2 protein chains.
Amino acid sequence: MPNQTYTISELASEFGVTTRAIRFYEEKGLVQPLREGQRRVYTTADRVRIKLILRGKRIGMTLQESVEVIDLYDPLRNNTEQLLSLINTISGRQARLLQQKDDIDDMLTGLSEVLGLCEKALGKRQKKISAIPKK
Amino acid sequence: MPNQTYTISELASEFGVTTRAIRFYEEKGLVQPLREGQRRVYTTADRVRIKLILRGKRIGMTLQESVEVIDLYDPLRNNTEQLLSLINTISGRQARLLQQKDDIDDMLTGLSEVLGLCEKALGKRQKKISAIPKK
DNA sequence: CCTTCCGTTTACGTTAACGTAATTGTTTGA
DNA sequence: TCAAACAATTACGTTAACGTAAACGGAAGG
């Protein structure tokens with residue numbers, strides 16, 4: 001049943017974004033939902049694209065970069081030169097992603113250290129650590 | 001010899017950013033270099049801050065977020081409530097970073113698959129793959 | 001002395017990614 | 001039938017993170 005469709009607000013609430021944002025993505029050509037009269041109708045393919053776009057955003061990519069990455073998947077080239085160029089593009093992306101992982105690991109290491117200090121400083125008086133309500 | 005100092009253009013070229021960017025960081029209070037007359041003089045501490053800010057940027061953090069993370073390190077709190085709050089903040093950051101790592105891994109997996117297809121499609125005619133000059 | 005090379009300040013411009021109305025349908029349940 | 005809920009279009013506003021240009025100052029070298 002991948003023939004399911006979605007309304008804009010369904011997708012918006014599923015992904016935790018506004019309908020404005022999704023329409024904006026359409027303005028930018030990132031998705032092209034069908035229409036049922038006036039209303040937009042999103043296919044599962046559209047849904048996946050939006051999901052990938054948001055994944056890109058989470059790691060700091062621009063919308064354009066996200067679509068570039070997404071577009072690496074589809075009409076698989078046959079021309080040799082294009083293939084070589086594609087390989088190059090992919091390698092570049094991979095390198096950046098690995099750099100990002102390193103950055104994240106460094107930051108995680110630092111945070112763990114601070115966390116350790118906190119708990120140590122706290123352990124002198126407390127045994128139970130109750131979570132603080134978010135916000 | 002951590003008493004070294006740097007000019008703005010030294011740091012700019014070392015980090016591959018413009019002097020304008022570094023001055024902008026100062027405007028935003030992210031660094032506070034000394035002055036030698038009119039000229040800005042950066043200490044190694046300033047240099048580290050800038051480095052951390054740029055690390056944050058690479059993984060999609062805003063400048064504000066970067067300083068927030070940096071500021072988690074310094075005047076280690078003693079108040080219990082503040083410590084608990086700090087632990088919470090750190091936990092939140094860690095969660096986000098782990099999410100980012102997952103996103104990156106997913107993307108890397110996808111890219112590797114496409115890369116595999118490329119090389120397979122290419123292997124039928126080519127043995128040597130010469131790198132394409134950048135841009 | 002003059003030019004060239006940093007560096008500084010001030011200030012307006014720009015791009016991305018939406019937010020925020022305002023106005024106008026359309027459908028649907030009471 | 002009529003208001004409430006959801007959707008669409010149009011258009012101006014906003015924030016972050018600089019870019020770019022103008023105008024000026026010191027110093028170093030030929």
Side-chain angles (χ1 to χ4, degrees), chain A residues 4-43 46-47 49-71 93 96 99-100 103, chain B residues 4-43 46-47 49-71 93 96 99-100 103:
Chain A
Q4 197 179 341
T5 62
Y6 309 85
T7 71
I8 193 169
S9 51
E10 279 171 359
L11 292 184
S13 81
E14 173 178 358
F15 292 127
V17 300
T18 65
T19 58
R20 173 68 177 96
I22 296 183
R23 289 196 199 96
F24 176 76
Y25 298 156
E26 182 177 349
E27 264 183 60
K28 293 287 154 174
L30 309 191
V31 281
Q32 290 155 22
L34 305 172
R35 295 293 176 124
E36 213 167 70
Q38 187 83 310
R39 270 86 189 285
R40 278 163 248 254
V41 175
Y42 296 85
T43 68
D46 293 325
R47 182 172 165 281
R49 279 185 77 87
I50 294 178
K51 194 168 194 169
L52 294 181
I53 290 166
L54 297 177
R55 181 185 70 180
K57 286 203 63 182
R58 284 196 299 271
I59 58 177
M61 299 176 85
T62 67
L63 299 182
Q64 269 313 312
E65 284 176 320
S66 283
V67 278
E68 279 173 37
V69 170
I70 293 172
D71 288 349
R93 279 287 165 212
R96 288 185 48 184
Q99 166 72 59
Q100 285 186 289
D103 287 331
Chain B
Q4 199 180 339
T5 63
Y6 309 85
T7 71
I8 193 170
S9 50
E10 280 171 358
L11 292 185
S13 79
E14 173 178 358
F15 292 129
V17 300
T18 65
T19 58
R20 174 68 177 96
I22 296 183
R23 290 196 198 95
F24 176 76
Y25 298 156
E26 183 177 350
E27 265 183 60
K28 293 287 154 173
L30 309 191
V31 282
Q32 290 154 24
L34 305 172
R35 294 293 177 124
E36 213 166 70
Q38 187 82 310
R39 272 85 187 287
R40 277 163 249 253
V41 176
Y42 294 85
T43 68
D46 293 325
R47 182 172 165 281
R49 278 185 79 86
I50 294 177
K51 193 167 193 170
L52 294 182
I53 289 165
L54 296 177
R55 181 185 71 181
K57 285 203 65 181
R58 284 196 298 273
I59 57 177
M61 299 176 86
T62 67
L63 299 182
Q64 269 314 313
E65 284 177 320
S66 282
V67 279
E68 278 174 35
V69 170
I70 294 173
D71 288 349
R93 281 285 166 214
R96 288 185 48 183
Q99 165 73 58
Q100 286 186 289
D103 287 331

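A note on names: the letters A, B, ... follow the listed sequences, proteins ahead of strands, and every chain is numbered from 1. Just so it is clear, the model here is predicted, and its values are computed rather than measured.
Of the side-chain N and O atoms in A:Thr7, one or more sit less than 4.0 angstrom from OP1 or OP2 of D:dA7. Contact annotation: B:Tyr25 side-chain N/O to D:dA17 OP1/OP2 distance is not under 4.0 Å. The side chain of A:Lys57 places an N or O atom within less than 4.0 Å of a non-bridging phosphate oxygen (OP1 or OP2) of C:dC18. Between B:Thr18 and D:dC18 there is no side-chain polar atom (N or O) within less than 4.0 angstrom of OP1 or OP2. Of the side-chain N and O atoms in B:Arg23, one or more sit less than 4.0 angstrom from OP1 or OP2 of C:dT8. Distances shorter than 4.0 Å separate some side-chain N or O of A:Ser9 from OP1 or OP2 on D:dA7. Between B:Arg40 and C:dG7, a side-chain N or O to OP1/OP2 separation shorter than 4.0 Å is absent.
One can place CD of A:Gln38 at 5 Å from P of D:dT9, the figure rounded to the nearest angstrom. Nucleotide D:dC6 holds its P atom 17 Å from the CD atom of A:Glu36, rounded to whole Å. Residue B:Arg39 contributes atom CZ, which lies 14 Å from atom C1' of C:dT9 at whole-angstrom precision. A:Phe15 places its CZ atom 18 Å from the C1' atom of C:dC18, with the value rounded to the nearest Å. When the P atom of D:dT15 is taken as reference, atom CD of B:Glu65 falls 17 Å away, rounded to whole Å. Rounded to whole Å, the distance from CG on B:Leu30 to P on D:dC18 is 10 Å. In this structure, B:Ile22 places its CD1 atom 16 Å from P of D:dA17, rounding to the nearest Å.
In this structure, CZ in A:Arg47 is found 12.0 Å from OG1 in A:Thr5, a value given to the nearest 0.5 Å. Between the CG atom of A:Leu52 and the CD1 atom of A:Ile70 there is a distance of 4.5 Å, given to the nearest 0.5 Å. Rounded to the nearest 0.5 angstrom, A:Leu34 CG and A:Thr43 OG1 are separated by 6.5 Å.
Between the side chain of A:Arg20 and the base of C:dT20, a donor-acceptor pair under 3.5 Å is found.
The main-chain N or O of A:Ala12 is never found under 3.5 Å from a side-chain atom of A:Ser9 such that the two would form a donor-acceptor pair.
Along DNA chain C, the nucleotide nearest B:Glu27 and the nucleotide nearest B:Glu10 are compared for position; the residue whose nucleotide lies closer to the 5' end is B:Glu10.
Inter-residue side-chain proximity for B:Gln32 and B:Asp46 is flagged as unmet; no heavy-atom pair is nearer than 4.5 Å.
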